[in-house]
Amino acid sequence: MKKTLLALALAVTSLTSLAAQPAMDPETAIVLNKLKQSYPATTFGNIEKSALPGVYEVTMGKNIAYTDKEGRYFLFGSVYDMQTRQDLTAPKREALNKIDVTKLPLADAFMSKRGSGARTIYVFTDPDCPYCKKLEPELAKLDNVTIYTFMFPIDSLHPDARNKAESVWCNKDRQGAWNNLMLNGQVPESKKCANPVERNIALAEKLNIRGTPFLMSADGRSLPGAAPAEKIIAWLEGSQ
């Protein structure tokens, strides 16, 4: 009797799960089945008809591709609507690559706040990275912003960066030491203490951050590179 009730409960759960999934038209379901049979080692996520007749948009992990109904030919890149001047793929690719910033260990970063601090930026940066030094004056132009700085020295490129990052962290005024280093070229006195540098390196690798500087917004969007203040503002407002 117990086994029967358990089987019934599992069946109901399975049916409920299927009912919660969005309905897929028969043609698309056939294409998905062909893809799974042809590429058993690949995990396919969402699949739907694209804006192009006879072409299907397929999600594979964080990749988006376009394929024919036989699943033989694949196109990787963006589909543009030239009438509206819109990149139809970009918003979906951006959504796939969003980072859950609520899981960032903020205790491993130092924070600065300007104005109301209403807008939040998370920055992964290397104290010896020339592009990171170009970014700092641009960040200084922003107002009503809270910035969390995760020091991420890339040892293979900048052998002394780790020592500088640790020395900044061990300074009583971390933000002041960082500003003096990045804006004024004043290297902090070498100091050692318990620090999050190794954890930050591991975190960057986990998040697939390969270079610096790397910015993230409060809603998980990313902006790599040393962008000018105007571009950062537009990005924060969601228009870049």
Side-chain angles (χ1 to χ4, degrees), residues 6-104 119-124 203-225 227 230-240:
L6 178 60
L8 180 60
L10 290 173
V12 171
T13 301
S14 178
L15 288 172
T16 302
S17 176
L18 288 172
Q21 296 177 358
M24 183 181 297
D25 66 85
E27 292 180 9
T28 305
I30 290 172
V31 174
L32 178 59
N33 187 52
K34 287 181 179 179
L35 290 172
K36 289 180 176 180
Q37 290 180 354
S38 300
Y39 314 100
T42 301
T43 300
F44 294 96
N46 185 56
I47 178 171
E48 59 187 58
K49 292 179 179 178
S50 75
L52 302 174
V55 177
Y56 295 81
E57 182 182 270
V58 186
T59 300
M60 299 168 288
K62 291 190 175 183
N63 295 313
I64 296 177
Y66 297 89
T67 186
D68 63 301
K69 65 180 181 179
E70 299 299 326
R72 177 178 177 180
Y73 301 102
F74 281 75
L75 290 173
F76 291 86
S78 291
V79 172
Y80 290 86
D81 184 331
M82 298 307 293
Q83 288 188 353
T84 61
R85 305 293 182 182
Q86 286 184 310
D87 183 338
L88 302 181
T89 310
K92 297 182 179 181
R93 185 183 296 116
E94 188 175 82
L96 288 174
N97 286 282
K98 278 190 175 182
I99 296 170
D100 185 359
V101 296
T102 63
K103 295 182 179 180
L104 292 176
R119 302 177 293 185
T120 304
I121 302 176
Y122 308 89
V123 185
F124 279 73
L203 176 62
E205 291 176 352
K206 180 180 178 181
L207 297 176
N208 201 33
I209 299 174
R210 301 301 182 192
T212 54
F214 189 92
L215 287 68
M216 289 176 281
S217 62
D219 61 355
R221 292 176 295 115
S222 60
L223 180 66
E230 296 77 10
K231 183 174 181 179
I232 296 173
I233 292 171
W235 168 72
L236 283 171
E237 294 174 351
S239 58
Q240 182 68 31

Problem - Pair Asp25-Lys49, side-chain contact (heavy atoms from CB on, under 4.5 Å): steps then yes or no - result: CA-CA 10 Å; Asp25 66 85; Lys49 292 179 179 178; 3.7 Å; yes
Can you tell me if [X] has over 12 outside heavy atoms packed within less than 6.0 Å of its [atom1]?
X     : atom1 : result
Arg72 : CZ    : no
Lys98 : NZ    : yes
Phe76 : CZ    : yes

Spacing of [X] atom [atom1] and [Y] atom [atom2] [to the nearest 0.5 Å]:
X      : Y      : atom1 : atom2 : answer
Thr42  : Met60  : OG1   : CE    : 7.0 Å
Asn208 : Lys206 : CG    : NZ    : 13.0 Å
Lys36  : Thr43  : NZ    : OG1   : 9.5 Å
Lys34  : Tyr56  : NZ    : OH    : 9.0 Å
Asp68  : Leu52  : CG    : CG    : 12.5 Å
Met216 : Ile209 : CE    : CD1   : 4.5 Å

Exercise for the section: Could you go through the side-chain contact (heavy atoms from CB on, under 4.5 Å) check for Ile233 and Glu237 one step at a time? Expected result: CA-CA 6 Å; Ile233 292 171; Glu237 294 174 351; 3.7 Å; yes
Exercise for the section: Would you check, one step at a time, whether the test side-chain contact (heavy atoms from CB on, under 4.5 Å) holds for Leu104 with Leu203? Expected result: CA-CA 9 Å; Leu104 292 176; Leu203 176 62; 4.1 Å; yes
Between [X] and [Y], which heavy-atom pair has the shortest distance, and what is it?
X      : Y      : answer
Arg93  : Ile64  : N-CD1, 3.5 Å
Thr89  : Ser78  : OG1-CA, 3.4 Å
Trp235 : Ser222 : NE1-O, 3.5 Å
Thr120 : Leu236 : O-CD2, 4.0 Å
Phe124 : Leu207 : CZ-CD1, 4.3 Å

Can you tell if the side chain of [X] reaches within under 4.5 Å of the side chain of [Y], non-hydrogen atoms only?
X      : Y      : value
Thr28  : Glu48  : no
Lys231 : Leu223 : yes
Phe74  : Asn63  : no

Practice task
Apply side-chain contact (heavy atoms from CB on, under 4.5 Å) to the pair Ile232 and Ile121, showing each step before the final yes or no.
Solution key: CA-CA 10 Å; Ile232 296 173; Ile121 302 176; 4.0 Å; yes
